[in-house]
Amino acid sequence: MRTGIIENRTSADISVWMSDYLARQLSIARNAVDVRRSFDQYGIDSASALQMVGDLEDYLGHELSPSLPYQYPTIESLSDALANMANP
Amino acid sequence: MIIETENAASTTTRQGAQYGVSAEAIQYHYDIGNEFLALAQEGGRNYSCAMYQDGDTHEQAQIRKLDYHIDQIRARGAERVLDIGCGWGALVNRLAIEADVDKVVGLTLSKEQLKFIGDTYQHPGIDVHLQNWQDYQPEEPFDGIISLGAFEHFAKIDEDKVEAYRHYFKKCHEFLKPGGRMSLQTMGYGDVPRDRQHSDLFIAREVFPESDLPYLADIVRASEMLFEVELVRNDRKDYVKTMRSWFENLRANREEALKLAPLDVVTRYERMYRTMSYSFDLGAFTLYRITFRRIEQTRIGDGYHAG
C-alpha cells in the first residue's frame, strides 16, 4: 500500500534487503550473493524480475517502474538508484 | 429478462465446443466468488480494460470504454445486440438502458456471473445464456456484437490459434445481419517471441488455465474474407492503470478478502494484477480494440465466398 509513511531506506538498507531476498528466492547461501553480479547471471527470468519489483514496491512503500532491473542490473546499482529516488 | 442455462441433458462444458477454454477452466478464475472479485472491481463490475481520459476515475473510464464500443458498432437504438462473454453485466445493462437497444443477449460460461446478472439487472430486454458461442444458435441475427476481454479464452495455449479464431469469426459472421459490426477488445502479446518458453509467463499456468493471448497478426489473419478491419487501437497504457486499480482495490480490501479466500490465493490475485500492470507498461502485452465490419459480396467474379 502506498498510504502511510515509511522512512526512506538507504542504499545499504536496500542492498541488504535485496541480497536476503535473492538468496531466499534462488535458494543460495547469503554469502554467495554478489552485489555486483547482474541479475541475469543469477538466472533470474523476466517473470521473477517483475515479482521482485513488486516486492520492492511493498518494501519501499511506493510505485516503481518495471524497467528498473533492466536499467540497473545489479543489486548495487539498483539499490543506489532506488535510494536516490527517495532522496532526490 | 431471461436467464437460461443449458438443459440437463447437455453439458455446459464441451458439447460441440472444440476450441479454447472449457467451462471448468473459466470457473477456476471467475467463480472464486462474486464477492472476492468484487473487492478488486469498481461499481460496474467491469473486468476488462477501461478507457481513460485525463481526470477520469476508474469508474468513469470503465463507462467511457463501454460507450466507445457501443458507438463503434452503432448500437444506439438498435434492435438486437450480442455481448459475447458478458461478465457481470455492465455492458448488457448499458446497452439496454442507455443505448436503447431493444434486445440484448449476453453469453457467459460462468454460473456466478449468470446469477449476478439475474439478481442485479432486471430488464425485459436483457437475456443471458450460460452457453459457449460455439454452441449458440440465435433465433434472429444481430445488428452488432461486442466482446470485451473474452477473446483471450477462445484458443488454448497449444491449439492452432488461427483455426480457432477463424471459427469464432465464422460464427460471428453468421450471428450478424448484413453489414453488421463487431467491436472486439482483447489483450494481446506485444514484444514476446512466438517461440518463448511458456514457463516464463504465468498466463496459462496461474491465471487463466487453458487460455493464451493472441497475436494481432493471427486475429487479423483469421478474419480474412469474413470481416473487414475498420479500426485497430492499441491502448495498453489503459491497462497499466486498470490493472493497478484492481491491485490497489484488492490490497485495500485485504481484510475482507481473507474472509473469502486463504492468504495464498489473495496474494496470488494481487501479484497477478500488479505483474500484469507491469507487463502492459513494458510492452510485453498489448490491449487491442478492433472494429470489424461483416464483409458482404459487392462485386461479380473474384471468387468471393464468405470464409
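Numbered from 1 within each chain, the chains take letters A, B, ... in sequence-line order. Everything quoted here is computed from the prediction, not taken from an experiment.
In this model, no donor atom of one side chain and acceptor atom of the other lie less than 3.5 Å apart for B:D235 and B:Y52. For the 3.5 Å distance criterion, the side chains of B:Y19 and B:E163 qualify, holding a donor opposite an acceptor.
Cation-pi geometry between B:R244 and B:Y273 is not met: the NZ or CZ atom fails to fall both under 6.0 Å from the ring centre and inside 45° of the normal.
The pair B:R194-B:D218 meets the salt-bridge criterion, with a side-chain N (NZ, NE, NH1 or NH2) lying under 4.0 Å from an Asp/Glu carboxylate O. One finds no salt bridge joining B:K65 and B:D56 here, because no Lys/Arg side-chain nitrogen approaches an Asp/Glu carboxylate oxygen to under 4.0 Å.
Among pairs with a residue in residues 272-285 of chain B, those fulfilling salt bridge (Lys or Arg N to Asp or Glu O under 4.0 Å) read A:E57-B:R274, A:D58-B:R274, at least two apart in sequence or across chains.
Interface with chain B: from residues 64-80 of chain A, residues A:L64, A:P66, A:S67 qualify, criterion being any non-hydrogen pair under 4.5 Å.
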